Amino acid sequence: MSLFLIVALPFFGALLPGLMNSAGRQACAGITFTVSLAAFIGLLTNLPAVLAGDLVTARVDWIPSLGMNFTLMLDGLGFFFALLILGIGLLIIAYARSYLSRDDNMGEFFTYLLLFQGAMVGIVLSDNILLLLVFWELTSLSSFLLIGYWKHLPEGRQGARMALTVTGMGGLAMIGGMLILGQIAGSYDLSVILQNRELIQADPLYVPALLLILLGCFTKSAQFPFHFWLPHAMAAPTPVSAYLHSATMVKAGIFLMARMWPVLSGTPEWFVIVTTAGLVTMVLGAIIALFKHDLKALLAFSTVSHLGLITMLLGTGTAFGAMAAMFHILNHATFKAALFMSAGIVDHEAHTRDIRRLGGLRHLMPITFIIATLAALSMAGIPLLNGFLSKEMMLEEATHTVLFGAPWLVPALATFGSLFSAAYCFRLIGHTFLGPVRDDYPAKPHDPGAGMWLPPAILVVLVVMIGVAPFLAEPFVKIVTASVLGDTAEVPKAYFKIWHGLVPALFMSVIAVVGGLLMLAIFNPALRLWETTPRPEAKMIFEALIAAIVALSQRFIHGLHNGAFTRYGAIMAVTVIIAGFYAWSTGTVGAASREMQPVTPVAFAGWVMLVAATIGMVFLHRNRLMSLILIGIAGLMVSVGFVYFSAPDLAMTQITVEVVTIILLLLALNFLPNQTPIESTAMRRTRDTAIALAGGLATMGMAWHFLVRDAIATPISEFHLANSYKGGGGTNVVNVILVDFRGFDTYGEIIVLGIAALLIYALTETLLSGPVRARLLNRKPDQPRAGDMHPTMMVVLTRVIMPVVLMVGFYIFLRGHNEPGGGFIAGLVVSIAVVMQYMASGFSWASARLRYPYHGVIGAGVLIAGLTGIGSWFVSKPFLTSDFTYVRIPPFEKFELATAALFDLGVFLAVVGAVMLSLESFSRLARRAHVPDTEHPMDIDPSRDDPPMTPAQEGV
Amino acid sequence: MELLVASAIGILTAGGIYLMLRLRTFPVILGISLLTYAVNVFLFASGRLSVGAPPILRDGVEVYTDPLPQALVLTAIVISFGMTAVVVMIALGAYLGSDDDHVDDAPDEASKGTGDAA
């Protein structure tokens, strides 16, 4: 099966459990199992190739320019992990079916589980490190969802947050490390990176990259000092703990260390950091685990300890260490998942996981007892079980490892850790299953149905099988090891066997097991000692740290972001000015290369008017109507400027937009106060003036700078000018750019415009359906209304002029391709024609004659434009490729038919709809209760005959 | 001529920034409109200034002004209308809902927000 399919199956399959939820729990679990099984079988179809030592790959270029390609590869290592993920996944799904109660939403659980499975398979099969990072983050997210699955439990939510924070932070660091690595190697493909060991290790950025990547691995695999999140993640349902937090996700960090082993390992930095972290984690985890009373907490710390063991083995940097690590991953996954499931069974049946309340369960739960005991003994390192074999190899490796110049350090600590490891295993068996039967269990424990004990039993069969006949696992582990080592070292010749003779490792093993038994004998005094010893509580430290960071960022954010818009505006303006000044003062500036053009009197007069209007606005802005008039002058002068500087299209757009904007602001001013009171202090005004002057000077300097210089690179416009007629069939280059060269931009913009109009409509609806409605309806105008609501002159004039304006709009639309004009301008002109009817004849008169709702007009516009674009697909051209032809119908002159005109029609409709929907929404606010909506265009406002208002009435 | 355009951009920007920093919605909206003019003219001017050379292809005419900034500014003008309309609507809704057209939170409200988040 294609690798793509193996990765994609769980992701697509994740859609199914949610859908199957109503079909019952059996169907829900069944479909999840089927999806996983399909992926599992798909993986197995690749087994022959992997056994033959081939590299199975699949590749799709995604963003080649960024080195981001969707490339997957399957080698021994990837196969091994994928096998663990999918194989144990199957057992977990079967187990979870029985474990989850009727109150749990099973579809949700299995959806998360499949998402996690897909992400995890993605990690181990990725050949591109950027792709790997994406999957990496996905496992953090899906693990967050799974840990917090029982949303009603505060520990679940806290544990989920903690796990996400720690692993997310590590992931962030890893992104940095991976990017550095990719930069050094010149490729983000793992297969390339792995070939460049010398290059990478010689690079000065090797150490930063190593540290960042290790940070990611250590957080994910719960290595000291980031181990604390894992026990808190145990608030998750037990299937999750068994799957994510013992067999798969926490091994992702280890997987990555193994994956990167050929390029990263073998240096002193790697050796010291990884070995030390692993060793400390192993010993610390084992000691803490012994004194935990919660079965799952005990197992969680034991997992931490074993992950430390594997990390330490990888840290040694020897081929034998790598092989032992791989073997232990396999063994640990089998016995630990079985143990977690057993713990879940005990919890499920006895309703407690507290070891102090258990004991004597061997008589009540014989099957569970056998499963858990075999798995725990394997973990303790008892011969004939698989844990013994890899532990023996670890101790063997430890005797050859010299850390900090002390040859005794590593073996001693490894033995010490193993001793505690054996002790907690014995405690787990002894205090849970052995001893007298009690009569105070919270529930009556008995063995569960086969659905729950069969999955761990299958794992325990593996534990025993490998333990008795290690040669069965040997070839497979060696293939995996070979792909870890790459071509940096030979696979060790050592055989996997139970009896190696009287080697030091055996003595260490014996010390550990005997010591473990002794430790259990003196458990009670040791526990008292442990409980009196002060030790840092990771959760408290973590929460204090988070609180401190939150407080710090709050202080920072509330300084900047205090809800005052003026402050944001000032900060933004000042920041832009400073950044611009920095760029200006550090950049190089060439000499002026353009000659200045002479000033004409007309241009100067326009400039004077613009400047006067702007300055007038600043000084007169408290009179709002006056400032509206002044901004109209400024806008008019800008349009005149566009005419003067050869931009007829811009001028036409600017002046029409100006008209609708002023109408809009007038409508708004109808409700807003007419005056702006003086509120800011003189100091504040001085400050604002200073910022404004600095900003003005800066933009002026910038504009002046490039106006007197030629462009440093040839503008693309030459292309547009040359191809406008040949390729686009139009002589108005601006219009051809809009509807053809950059048609996709325009398409996006009409959509934005439509969204803006719909937003205004929605806001109006919200206002009119809320408490504001009553106030609006009973509003008393602050100034007397004109008696003549619809002046006869205006009504007659606008109605007469309407067809003329429409004709002008039509004309502007048609000529747009070759002369100034086009959809935008025509749309605005037609909108003005319609708005005039509203203004002159009244809202109800105009809307009664409205045949199409404006939403529909916007929609039609966007659809027409979009369909025009799609049309080019039918002739196998890219989206929005335009075509044109010339036709001649006898009485007329030859004229052009272009698909671009159809697109422009879409633009036209969208503009008309958007402008009209906005203005109509505003004017709907203005309708009042005591003024009857009449159809008659020329009537008299009766409120004019009311007595003039007094201030007292106004307050009502 | 270049100096006139550059200074016009500068004055529009200065006026825009000053009005944008006022405390009531209406002047802020007008300030943003002035800034829009400034930005549009600025973008337009990046094609350099030429008189009497509109980008309408004609036989025998060789010199045209740069059409691309014009096309970009044309859509910018229309979009800025949409933006202004949305902002005006928001300002109006806020004013009608609370009888207050300040753009800043009242000081006591701002400190209350801090208290809640802490």
Side-chain angles (χ1 to χ4, degrees), chain A residues 558 562-566 569-570 573 596-597 599 607 610-611 614 618 621 624 627 631 638 645-650 653-654 657 661 664 668 671-672 676 679 688 692-693 695-696 699-700 703-704 707-708 715 717 720-721 725 731-734 737-738 749 753 756 759-760 763 767 772 824 918, chain B residues 1-2 4 6-15 17-21 23-24 26-27 30 33 37 41-42 45 49-57 64-68 70-71 73-75 77-79 81-82 84-86 88-89 92-93 95-97 101 103-105 110 113-114 117:
Chain A
H558 287 151
N562 64 349
F565 175 80
T566 42
M596 284 221 277
Q597 299 173 38
V599 178
W607 181 83
L610 179 68
V611 171
T614 313
V618 170
H621 78 268
R624 293 182 171 182
S627 54
I631 200 171
V638 170
F645 292 113
S646 323
D649 284 278
L650 283 192
T653 316
Q654 181 73 57
V657 164
T661 310
L664 182 102
F671 301 97
L672 293 169
T676 307
E679 283 176 320
D688 292 348
L693 286 180
T699 42
M700 177 177 160
W704 165 252
L707 278 176
V708 296
S717 310
H720 293 142
L721 287 168
Y725 188 69
T731 53
N732 179 2
V733 188
V734 173
I737 292 176
L738 284 175
E749 289 186 8
L753 200 62
L759 178 61
I760 290 169
L763 285 170
L767 276 182
V772 173
F824 275 113
S918 320
Chain B
M1 206 58 164
E2 274 75 5
L4 286 190
S7 59
I9 293 173
I11 289 166
L12 283 171
T13 311
I17 294 180
Y18 183 79
L19 288 180
M20 193 181 78
L21 297 178
L23 295 172
R24 302 290 185 127
F26 198 75
L30 290 187
S33 298
Y37 291 145
V41 175
F42 182 85
L49 304 176
S50 32
V51 180
I56 313 288
L57 302 179
Y64 299 104
T65 186
D66 192 341
L68 187 62
Q70 295 195 12
V73 170
L74 198 154
T75 48
I77 294 172
V78 179
I79 289 285
F81 163 75
T84 310
V86 170
V88 169
M89 187 69 224
L92 199 56
Y95 177 70
L96 291 175
D101 66 342
V103 290
D104 293 3
D105 282 348
T114 317

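If you're wondering where the values come from, they're calculated on a predicted model, not measured in any experiment.
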- Partner residues of Ser7(B) under the side chain to side chain contact (heavy atoms under 4.5 Å, CB included) criterion, sequence neighbours left out: Trp607(A), Met700(A)

- Message: Is Leu68(B) close to chain A through its backbone or its side chain, or both, or neither, when contacts mean heavy atoms under 4.5 Å?
- Response: both

- Message: Test side chain to side chain contact (heavy atoms under 4.5 Å, CB included) on Gln597(A) and Val51(B); report intermediate values, then the result.
- Response: CA-CA 9 Å; Gln597(A) 299 173 38; Val51(B) 180; 3.6 Å; yes

- Query: Which residues satisfy the side chain to side chain contact (heavy atoms under 4.5 Å, CB included) test with Leu693(A), sequence neighbours excluded?
  - Reply: Thr689(A)

- Item | Contacting moiety of Phe42(B), where chain A heavy atoms sit under 4.5 Å | both

- Query: Are the side chains of Tyr64(B) and Val733(A) in touch, meaning some heavy atoms are under 4.5 Å apart?
  - Reply: no

- Which region of Leu767(A), side chain (C-beta onward) or backbone (N, CA, C, O), has a non-hydrogen atom less than 4.5 Å from a non-hydrogen atom of chain B, or is it both or neither? side chain

- Minimum side-chain heavy-atom gap Ser33(B)-Ile631(A) below 4.5 Å: yes

- Item | Portion of Leu610(A) that has a non-hydrogen atom of chain B nearer than 4.5 angstrom | side chain

- Query: Out of Glu679(A), His621(A), Met596(A), which one racks up the most heavy-atom pairs below 4.5 Å with chain B?
  - Reply: Glu679(A)

- Is a donor on one side and an acceptor on the other found under 3.5 Å between the side chain of Glu2(B) and the backbone of Trp704(A)? no

- Message: Quick check: do Ile760(A) and Val88(B) have side-chain heavy atoms less than 4.5 Å from each other?
- Response: no

- Item | Heavy-atom contact with chain A under 4.5 Å, split by part of Pro27(B) | side chain

